[in-house]
Amino acid sequence: MPRETMAAKRERALEVARRMNEHYPAAECALVYGGDPFRLTIAVLLSAQTTDKGVNKVTPRLWERYPTPADLASADVRDVEDIIRTIGFYHTKAANVIKCAQMVVADYGGEIPRDIDELQKLPGVGRKTANVVLNEAFGIVEGIAVDTHVFRIAHRLKFAGPSADTPAKTETALLKLYPRAWWGPINHQWVLFGRETCIARNPKCGECFLCDLCPSCGKA
DNA sequence: ATCCCGAGGG
DNA sequence: CCCTCTGGAT
């Protein structure tokens with residue numbers, strides 16, 4: 001196979017993006033947070049390593065029992081643990097959720113900061129979670145949140161080469177490949193795609209809508 | 001039974 | 001780089 005030119009790669013990348021749009025039209029956040037940035041932050045934090053479904057099962061009771069950041073800031077850890085017990089990492093997350101509420105109240109006047117560095121000062125909020133919150137709650141697109149889904153997909157599509165062996169290098173490759181207008185949709189859609197089709201092991205190439213565009217397609 | 005794979009800490 | 005925290009998916 002001849003080496004793909006940059007122009008050809010860019011065209012392939014844009015076709016990938018178009019098909020993602022068709023497949024995940026106007027992707028809305030699956031988490032239940034009532035449009036409240038604080039609740040969104042907590043919900044995204046809780047959703048790490050678990051399903052949105054599992055998170056949506058516990059957050060309504062959390063909002064009911066602790067309606068405001070101030071309420072959550074003074075919560076008993078054991079009460080919060082009881083509420084979120086059915087999701088992964090609940091012990092760590094219960095402590096983080098309360099600390100987040102305390103910091104939001106004490107340092108940010110009860111409002112989630114609209115700044116990626118400030119967001120990442122909240123316990124349990126890393127770069128990925130911060131990007132999701134900025135994008136979802138405020139429509140701010142700082143970059144592309146490279147979690148393991150995006151990392152895996154970028155490498156399978158050969159949009160990131162073997163030397164792009166870190167999330168940061170992979171993000172750089174994607175930012176160069178895609179115009180800024182696509183960054184937000186990528187943040188949204190690739191995670192869905194990575195969860196249901198381009199899964200880590202035994203990817204479902206047989207039912208994949210990108211197979212003809214993918215150098216790694218197994219056509220299984 | 002093993003892998004998943006975000007954040008934080010060593 | 002290494003490891004831990006957990007329920008869920010496979």
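These numbers were taken from a predicted model, which means no experiment stands behind them. So that the names make sense, note that chain A is the first sequence line, chain B the second, and so on, each numbered from 1.
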Whole-Å distance, Q49(A) CD to dA9(C) P, equals 14 Å
Judged by nearest nucleotide, the residue sitting upstream toward the 5' end of DNA chain C, I199(A) or G88(A), is G88(A)
Taken to the nearest whole Å, CG/N202(A) to P/dA9(C) is 17 Å
Exercise. Where do C211(A) and C217(A) land on the disulfide (SG to SG under 2.5 Å) test, with the steps shown first?
Worked result: CA-CA 5 Å; C211(A) 233; C217(A) 182; 1.8 Å; yes
Closest to the 5' end of DNA chain C, once K53(A) and F89(A) are matched to their nearest nucleotides, is F89(A)
_Heavy atoms only, 4.0 Å cut-off, all strands: where does L122(A) land among base, sugar-phosphate and nothing?_
sugar-phosphate
Let's go through N131(A) and E142(A) carefully: what are the C-alpha distance in whole Å and the side-chain angles of both, what is the deciding distance for side-chain hydrogen bond (donor to acceptor under 3.5 Å, both in side chains) to 0.1 Å, and is it a yes or a no?
CA-CA 7 Å; N131(A) 262 298; E142(A) 294 273 336; over 6 Å; no
Rounded to whole Å, CG of N131(A) lies from C1' of dA7(B) at a distance of 15 Å
Report task. Return yes if some donor-acceptor pair links the side-chain N/O of R156(A) with the main-chain N/O of P215(A) below 3.5 Å, else return no. Result -> no
With the side chain defined as heavy atoms from C-beta on, R152(A) is closest, among dC4(B), dC5(B), dG6(B), to dC5(B)
Rounded to whole Å, the OH-C1' distance (Y90(A) to dT4(C)) equals 15 Å
Using modelled atom types and a 3.5 Å cut-off, is there a donor and acceptor pairing between side-chain atoms of E64(A) and backbone atoms of P60(A)? no
Whole-Å distance, L119(A) CG to dG6(B) C1', equals 16 Å
Counting only side-chain N and O atoms of R195(A), is one of them less than 4.0 Å from OP1 or OP2 of dA9(C)?
no
| query | Between W190(A) (side chain) and H149(A) (backbone), is there a donor-acceptor pair under 3.5 Å? | reply | no
Review point. Can you check whether T129(A) has a side-chain N or O nearer than 4.0 Å to OP1 or OP2 of dA7(B)?
Key: yes
In whole angstroms, the gap separating C1' of dT4(C) from NZ of K93(A) amounts to 14 Å
Rounded to whole Å, NZ of K128(A) lies from P of dG8(B) at a distance of 13 Å
Taking only N and O in the side chain of T148(A), is any of them less than 4.0 Å away from OP1 or OP2 of dC4(B)?
-> no
Separation of dG7(C) atom P from D52(A) atom CG, nearest Å, is 18 Å
Does S47(A) reach a base, just sugar-phosphate, or nothing at all? Heavy atoms under 4.0 Å. nothing
